[in-house]
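Note: hydrogens, waters and symmetry copies are ignored here, and every other heavy atom, side chains too, is used.
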Amino acid sequence: MEMTTRVRSWPVLRQLREGDPLGLGRAARSDRSRMLRARIDDAQTVASSICPYCAVGCGQLLYVKDGELVQIEGDPRSPVSRGRLCPKGAGTLGYVNSPLREYKVKYRRPYGTEWEELPLEQAMDMIADRVIETRASTWQETDAHGNATKRTLGIANLGGATLDNEENYLIKKLMTSLGVVQVENQARI
């Protein structure tokens, strides 16, 4: 009896018996695949959003359960992305929920070998002091021909690809207001 049951469960025989010769319908399902459920089945809330990264404006659906983000998918209603997301947009959930995500400022002193945690306020003050000092010591009011430049070549900025469009816009505005001309974004490289 066991052998008969096994033979009847073979996919090729199921395909022929169920009229599914290409194995694209019910014949392709196993006991395991019949029991699978979508990750979004338990979501209590679905919010529409826009992917924050490259400014294309792809639509996202955010699935929330018990106040926690559990899944992000492309929004098929979006005329921009039609339900598709690039690898960065599809990886948004990993950026948000990653166990490797840092929540504290890490600092390694010059010639140091260990990272240490700093209070955010102290780290911000250190950065501001270094920017002000570098800008003052490398400021160019004019070039060699006397043309006004009002710039510094002592500071450059490379924005990260995981920064969203608004953050990169604000960084560009800040750098320009400081006279920094070497500003780039990793997402455009």
Donor-acceptor pair, side chain of Ser49 and main chain of Gln60, under 3.5 angstrom: no
Heavy-atom closest contact (Asp75 atom, Ser48 atom, distance): OD2-OG, 3.9 Å
Other residues, nucleotides, ligands: >12 heavy atoms within 6.0 Å of Arg17 CZ: yes
Closest non-hydrogen atom pair between Ser78 and Gly57, with its separation: OG-O, 4.3 Å
Those residues that, when tested against Gln140, pass side-chain hydrogen bond (donor to acceptor under 3.5 Å, both in side chains) (two or more places apart): Arg151
side-chain contact (heavy atoms from CB on, under 4.5 Å) between Arg37 and Asp42, intermediate numbers included: CA-CA 9 Å; Arg37 294 178 43 219; Asp42 295 332; 2.7 Å; yes
Least distance between heavy atoms, Gln71 atom then Arg39 atom: OE1-NE, 3.5 Å
Donor-acceptor contact below 3.5 Å, side chain Asn97 vs main chain Leu69: yes
ILVMFWY network linking Val180 to Leu174, side-chain heavy atoms under 4.5 angstrom: yes
Test item: Asp66 side-chain N/O and Glu68 main-chain N/O as donor-acceptor pair under 3.5 Å: no
Heavy-atom pair with the smallest gap, counting every atom of Arg108 and Glu114: CG-O, 3.4 Å
Check: Arg101 side chain, Val96 main-chain N or O, donor-acceptor pair, under 3.5 Å: yes
same_hphob_cluster(Ile171, Leu178) at 4.5 Å side-chain heavy-atom cutoff: yes
CD/Glu133: more than 12 non-hydrogen atoms of other groups inside 6.0 Å: no
Result of checking Thr176, Leu153, Ile155 against Val181 for side chain to side chain contact (heavy atoms under 4.5 Å, CB included): Leu153
Atom CE of Met126: over 12 foreign heavy atoms under 6.0 Å: yes
Cluster check Tyr107, Leu120: I/L/V/M/F/W/Y, side chain < 4.5 angstrom: yes
Shared hydrophobic cluster, Leu93 / Val64 (ILVMFWY, side-chain heavy atoms < 4.5 Å): yes
Carboxylate-amine/guanidinium contact Lys106 Glu117, below 4.0 Å: yes
Minimum heavy-atom distance Gly89-Cys51, with the two atoms named: CA-SG, 3.8 Å
CZ/Arg32: more than 12 non-hydrogen atoms of other groups inside 6.0 Å: no
Set of side chain to side chain contact (heavy atoms under 4.5 Å, CB included) partners for Glu141, sequence neighbours left out: Trp139, Lys150
Main-chain N/O of Val131 paired with Thr134 side-chain donor or acceptor, under 3.5 Å: no
Spacing of Glu18 atom CD and Leu13 atom CG [to the nearest 0.5 Å]: 10.5 Å
Rounded distance (nearest 0.5 Å) linking atom CE of Met175 with atom CG of Asn168: 11.5 Å
Atom OH of Tyr169: over 12 foreign heavy atoms under 6.0 Å: no
Inter-residue atom distance Arg84.CZ - Glu73.CD, 0.5 Å rounding: 14.0 Å
Cluster check Val70, Leu61: I/L/V/M/F/W/Y, side chain < 4.5 angstrom: yes
